[in-house]
Amino acid sequence: SQNQEVKDEL
Amino acid sequence: MNIFRLVGDLSHLLAILLLLWKIWKTRSCAGVSGKSQIMFGLVYITRYLDLFTNFISIYNTTMKAIFIAVAIATIYLIYFKFKATYDSNHDTFRMEFLIVPVGGLAFLVNHDFTALEILWTFSIYLESVAILPQLFMISKTGEAETITSHYLFALGSYRALYIVNWVYRYYFEGFFDLIAIVAGCVQTILYCDFFYLYVTKVMHGKKLSLPA
């Protein structure tokens, strides 16, 4: 999902 | 991972290590806002709770752990080890003026109404304004030490590079996260005035001082 993807950023 | 993101992360790492090193080396935290550092500590702790729930990569885990550890070490140096040098008279920004509205906004505008997601959103919003006590302190004293200026420049560059990273990711991966992008832009805008002073003064070998 979109949320999960952003979590790879710091 | 694209180059803008990587250089942004390294710039972020450089910034926080630079500040820690400066305080340690000079045995003084004069001119450093403890309140900004407390809020950055809060940012890392509330954002990286997923260290316990999600594994993304060694890189991701290592950086998160370093950010949390360095933030706590910096706060410890300011409020305990070198407390005598802490310039609390000039660090008068009220943290609750930022934390309370940011907390309210995180409850209202988020991707998902779950504890972890709200805390993540809170950390994104808080990070965008956490530097304000530091900038306020500089405006009060009218100057900043050169290393403090380098710290701010590296920290501001990190968010500016993240914006380029988001543009890249939008075009090449179709990815975007509106909350992160808006907060990141707000955060970067707050640095613009400082960037101008940095380029016109510090890069020419002068100390950063504000026009009277």
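All of these numbers come straight from a predicted model, not from anything done at the bench. Order of the sequence lines fixes the chain letters, A, B, ..., with proteins taken first and strands second; residue numbering starts at 1 for each chain.
Residues A:Leu10 and B:Asp9 come closest through the heavy atom pair CD1-OD2, 3.3 Å.
Donor-acceptor pairing under 3.5 Å is recorded for the side chains of A:Glu9 and B:Asn165.
The line from CG of A:Asp8 to OH of B:Tyr59 is 10.0 Å long, rounded to the nearest 0.5 Å.
Within a 6.0 Å radius of CE in B:Met203, no more than 12 heavy atoms belonging to other residues, nucleotides or ligands are found. Annotation: B:Tyr196, atom OH; neighbour count of heavy atoms from other residues, nucleotides and ligands within 6.0 Å does not exceed 12.
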Would you list the atom pairs, donor with acceptor, under 3.5 Å between side chains in residues 65-80 of chain B and any protein atom, with sequence neighbours excluded?
| from | atom 1 | to | atom 2 | distance (Å) |
| --- | --- | --- | --- | --- |
| B:Thr74 | OG1 | B:Val70 | O | 2.7 |
| B:Tyr79 | OH | B:Tyr86 | OH | 3.4 |

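A 4.5 Å side-chain heavy-atom check between A:Lys7 and B:Arg47 finds every atom pair outside the cut-off.
In this structure, B:Lys83 has no side-chain hydrogen bond (donor to acceptor under 3.5 Å, both in side chains) partners at least two apart in sequence or on a different chain.
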